[in-house]
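Protein chains get the first letters and strands the later ones, always in sequence-line order, with residue 1 at the start of each.
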Amino acid sequence: DTAVSQTPKYLVTQMGNDKSIKCEQNLGHDTMYWYKQDSKKFLKIMFSYNNKELIINETVPNRFSPKSPDKAHLNLHINSLELGDSAVYFCASSQASHENQPQHFGDGTRLSIL
Amino acid sequence: AQSVTQLGSHVSVSEGALVLLRCNYSSSVPPYLFWYVQYPNQGLQLLLKYTTGATLVKGINGFEAEFKKSETSFHLTKPSAHMSDAAEYFCAVSDRDTGRRALTFGSGTRLQVQP
């Protein structure tokens with residue numbers, strides 16, 4: 001049973017295209033996150049949702065738009081893809097009860113922009 | 001803003017040797033502290049966490065870490081390295097009582113285990 005699943009695992013596309021990444025968790029968590037891992041392996045928070053409400057938006061370009069249809073899903077749509085968007089995007093979830101709850105990560109979506 | 005420093009982007013040890021991966025945090029209020037491991041082409045897996053109480057915490061795969069407030073450190077250790085420990089290790093923090101919940105990560109340390 002996959003706890004946090006992301007699709008697709010790999011995404012290769014051209015500059016200027018629009019693409020979406022989907023994330024689902026079956027852990028019953030109420031907080032979900034998107035992180036970006038760059039080519040140097042550095043991980044940075046992009047967005048966080050709690051019960052479908054956006055609570056963190058870390059100065060991410062407007063081209064990135066998260067959507068949470070319910071608390072088990074958090075999708076990421078990216079418009080007008082740029083070369084600098086090439087990275088691995090990780091979805092994560094946690095129980096919102098407290099900040100000490102660990103986050104559970106998906107296996108990542110490797111986005112390559114040609 | 002909170003920051004996390006991991007000294008040594010690459011650490012190489014022999015199989016059976018002690019593993020020591022260093023992590024220091026910046027805030028004056030001790031945050032919640034986590035160590036995650038990332039195997040190639042996989043997501044991050046929680047190794048251990050410190051929230052409160054005993055400062056020496058034990059995690060999975062024989063790893064442990066000690067929280068030292070005076071040194072603002074949370075170094076990860078394992079007495080005897082195994083080939084399967086080769087991976088990228090990330091120290092992360094979460095602010096206490098702010099409601100923010102997002103993790104701030106260190107830059108990672110790649111552990112190589114030589115036979």
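Note on A:Tyr49: it clusters hydrophobically with A:Val60, by side-chain heavy-atom contacts below 4.5 Å among ILVMFWY residues. B:Leu103 and B:Val4 are members of different hydrophobic clusters when ILVMFWY side chains are connected at heavy-atom separations under 4.5 Å. Residues A:Met15 and A:Leu76 share a single hydrophobic cluster, defined by chaining ILVMFWY side chains whose heavy atoms lie under 4.5 Å apart. A:Phe90 and A:Ile21 fall into different hydrophobic clusters, where Ile, Leu, Val, Met, Phe, Trp and Tyr side chains are chained together by heavy-atom contacts under 4.5 Å. One hydrophobic cluster, built from ILVMFWY side chains closer than 4.5 Å, cannot hold both A:Met46 and A:Phe105; they sit in different ones.
Of residues 107-115 of chain B, those residues lying under 4.5 Å from chain A by any heavy-atom pair are B:Ser107, B:Arg110. Taking 4.5 Å as the heavy-atom cut-off, none of the residues of residues 74-83 of chain B approach chain A. Contact annotation for residues 35-50 of chain B against chain A (heavy-atom separation below 4.5 Å, listed by residue number): B:Tyr36, B:Gln38, B:Asn41, B:Gln42, B:Gly43, B:Leu44, B:Leu46, B:Lys49. Scanning residues 106-114 of chain A against chain B with a 4.5 Å heavy-atom cutoff picks out A:Gly106, A:Asp107, A:Arg110, ordered by number.
Expressed to the nearest 0.5 Å, how far OG of B:Ser9 lies from NZ of A:Lys40 amounts to 10.5 Å.
Taking both residues in full, the closest heavy atoms of B:Phe90 and A:Gln37 are given as CZ-NE2, 3.4 Å, listed atom of the first, atom of the second, then distance. Minimum interatomic distance between B:Phe105 and A:Tyr35 (heavy atoms only, all atoms of both residues): CE1-CE2, 3.6 Å.
In this structure, A:Asp70 places its CG atom where more than 12 heavy-atom neighbours from other residues, nucleotides or ligands lie under 6.0 Å away. No more than 12 heavy atoms of other residues, nucleotides or ligands shown are found within 6.0 angstrom of NZ on B:Lys68.
There is no contact between A:Lys44 and chain B, counting heavy-atom distances below 4.5 Å.
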